[in-house]
Structures are given as structure tokens and as C-alpha cells.
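Report on the structure given below.
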Amino acid sequence: MYTPVRYIFLLLLGTALLISCGERAGIRKQLTEFRQTLIVIPDDMEVCNDGTVGMADMSGLSPMKMIVYYDSTECSACRIVHLPDLEPLYDMAREDGRFDVLTVFSPKQEELEEVRVQLMVQDVPFPVYVDTFGSFARQNGTIPKEALFHSFMIDGEGRPVFVGNPANSEKVRDILLKVLDDNGH
């Protein structure tokens with residue numbers, strides 16, 4: 001015999017399952033739409049490398065680019081402190097040789113100088129790009145707001161071909177390598 005507590009429990013469990021299935025369908029739809037967009041890498045970004053800041057030169061980058069994007073809604077200071085967590089991704093790119101990694105910060109204008117200073121002080125062992133004029137954020141407004149979509153690979157045309165961060169996951173890394181193989185790289 002079902003008691004009222006069991007009915008409530010089953011109702012809550014069923015609701016949770018429906019929400020989860022609905023969320024998955026929503027994410028799948030967003031992923032499909034995102035993969036049909038075009039990502040633009042503007043030429044007016046700054047790059048912080050070896051403790052100095054200067055204008056970025058994108059001409060020597062591989063056609064395939066893994067982008068790790070931090071928009072203005074994220075805590076830049078928190079993310080900068082955790083940039084060393086991305087080292088495995090940069091190591092993977094160096095070892096593989098078929099893609100480059102672009103870590104892009106799009107801070108609010110009032111936080112721009114603080115981001116520059118923190119990046120210089122942190123002295124990250126890889127280049128970090130700063131969307132100084134908001135061009136990356138403005139030209140790529142189709143990037144979903146959910147952080148889940150803020151690590152992605154684009155092909156030579158700028159189309160997203162992979163979403164996820166393989167820095168700390170062997171399974172995600174294997175999927176990324178398969179995507180590179182499938183794209184002829």
C-alpha cells in the first residue's frame with residue numbers, strides 16, 4: 001500500500017527525471033544550433049604572454065583552434081587563479097600539433113585593467129587573449145550563455161566541431177582526437 005509520503009517521493013522522483021530529460025533535450029538542441037554558427041576570431045585582441053601584454057597576432061595559428069572562453073558574467077579573478085588547470089590542454093595541443101588553444105577573457109570594461117594586471121602577475125606559461133574592445137563577445141553572440149559551451153573547437157572555417165574540455169578527462173580527450181582525425185587533421 002502506498003502512503004502519502006511514498007506518493008510525494010514518487011512524484012518528486014518523476015518530476016526530477018522529466019526535468020533531466022527536458023534539460024538534455026534542450027542541451028542537444030543548443031548544441032545542434034551552436035555547431036551551425038560561425039565563430040569569428042577578431043584581430044583586435046590583446047595577448048598576455050610571459051608577463052607582458054601586447055596586441056595579438058593570430059597569423060601563425062593552426063586552422064583548428066580549441067577555444068576556452070570566459071565571458072563577462074564569470075568571475076575573471078577566480079578564473080585567472082585556475083588558469084594552470086588548463087596546462088594539460090596546452091600540453092596536448094603541443095604534443096598533437098594539429099590544433100592551437102586560445103584562452104579568451106571578455107571582461108566587463110570596468111574590470112579590464114584588473115584582468116590585465118592579474119594575468120601579468122599570475123605569469124601563466126601560455127598565451128591568454130583579452131577581448132579588450134568586446135569584439136569577440138559582440139561578434140560571437142551565438143555562443144550559448146551556459147559555461148558548458150565555453151570550451152569548444154572550431155575548424156578552419158570557424159565552425160564549432162567539438163564542445164567540451166579535454167584537459168582532465170581521458171574520454172573527452174579521445175573524442176577530441178577522433179574529431180581531429182575525422183576533420184582530416
Checklist entry - Is any side-chain N of the basic residue among D96 and R173 closer than 4.0 Å to the acidic one's carboxylate O? => result no
Checklist outcome for this item: By ring-ring contact (aromatic ring centres under 6.0 Å, His included), F152 pairs with (sequence neighbours left out) F34
Item to check | Y129 side chain near E46 side chain, heavy-atom distance below 4.5 Å | outcome: no
Item to check | Derivation of the side-chain contact (heavy atoms from CB on, under 4.5 Å) call for F105 and L83 | outcome: CA-CA 11 Å; F105 277 87; L83 281 175; 4.1 Å; yes
Checklist entry - Can you check whether A77's main-chain N or O pairs, donor with acceptor, with H82's side chain at less than 3.5 Å? => result no
Next on the checklist: Set out, in order, the CA-CA distance, both residues' side-chain angles and the distance that settles side-chain contact (heavy atoms from CB on, under 4.5 Å) for F99 and L180, then state yes or no.
Outcome noted: CA-CA 9 Å; F99 68 98; L180 285 166; 3.6 Å; yes
Next on the checklist: Please say yes or no: joined through hydrophobic side-chain contacts below 4.5 Å, possibly via intermediate residues, are L177 and V161 part of one cluster?
Outcome noted: yes
Next on the checklist: Nearest 0.5 angstrom please: S76 OG to D71 CG, how far?
Outcome noted: 9.0 Å
Next on the checklist: Just to verify, what does Q36 make a side-chain contact (heavy atoms from CB on, under 4.5 Å) with, not counting sequence neighbours?
Outcome noted: T32
Checklist entry - Between atom CG of D131 and atom CE of M45, what is the distance when rounded to the nearest 0.5 Å? => result 6.5 Å
Next on the checklist: Which heavy atom of P88 sits nearest to which heavy atom of A167, and what is that distance?
Outcome noted: CB-O, 3.2 Å
Item to check | Interatomic spacing from CD in E146 to CG in L31 - rounded to 0.5 Å | outcome: 11.5 Å
Item to check | ILVMFWY cluster, F126 and V53 together (side-chain gap under 4.5 Å) | outcome: no
Checklist outcome for this item: Between D100 and S62, the two heavy atoms sitting closest are OD2-N, 2.6 Å
Checklist entry - Should I67 and L61 be counted in the same cluster of Ile, Leu, Val, Met, Phe, Trp and Tyr side chains packed under 4.5 Å apart? => result yes
Next on the checklist: Distance check, rounded to the nearest 0.5 Å: S169 atom OG versus L176 atom CG?
Outcome noted: 11.0 Å
Item to check | side-chain contact (heavy atoms from CB on, under 4.5 Å) between I154 and R159, worked out | outcome: CA-CA 5 Å; I154 59 172; R159 301 235 179 257; over 6 Å; no
Item to check | Any side-chain donor near an acceptor of the partner, Y70 and T103, under 3.5 Å | outcome: no
Checklist entry - Is any side-chain heavy atom of P63 closer than 4.5 Å to a side-chain heavy atom of E157? => result no
Checklist entry - Are Y69 and M58 connected, step by step, through hydrophobic side chains (Ile, Leu, Val, Met, Phe, Trp, Tyr) whose heavy atoms are closer than 4.5 Å? => result yes
Item to check | Check against side chain to side chain donor-acceptor pair (under 3.5 Å), D57 and S59 | outcome: CA-CA 6 Å; D57 178 12; S59 63; 2.8 Å; yes
Checklist entry - Say you draw a straight line from CD1 of I80 to CE of M120; how long is it, rounded to the nearest 0.5 Å? => result 10.5 Å
Item to check | CZ on R98 to CE on M153, rounded to 0.5 Å | outcome: 8.5 Å
Checklist entry - Mind checking whether F136 and L102 have side chains closer than 4.5 Å, heavy atoms only? => result no
Next on the checklist: Do the side chains of K178 and D174 get close enough for a salt bridge, i.e. N-O under 4.0 angstrom?
Outcome noted: no
Checklist entry - Between R138 and F133, is there a donor-acceptor pair closer than 3.5 Å when you use the side chain of the first and the backbone of the second? => result yes
Item to check | Side chain proximity check, C48 to R116, heavy atoms < 4.5 angstrom | outcome: no
Checklist entry - Looking only at heavy atoms, what is the nearest atom pair of M66 and G164, with distance? => result CE-O, 2.8 Å
Next on the checklist: On a heavy-atom basis, which atom in P160 and which in R35 lie closest, and how many Å separate them?
Outcome noted: O-NE, 3.6 Å
Checklist outcome for this item: Taking every heavy atom of V163 against every heavy atom of L148, the minimum-distance pair comes out as CG1-O, 3.6 Å
Next on the checklist: A side-chain contact here means heavy atoms from C-beta on lying under 4.5 Å apart; do I39 and I143 qualify?
Outcome noted: yes
Next on the checklist: Taking side-chain contact (heavy atoms from CB on, under 4.5 Å) as the criterion, tell me which of V47, N49, V128 meets it with L119.
Outcome noted: V128
Checklist entry - With the 4.5 Å side-chain cut-off for hydrophobic clustering, are V40 and V68 part of the same group? => result no
Item to check | Least distance between heavy atoms, P144 atom then H150 atom | outcome: O-NE2, 2.8 Å
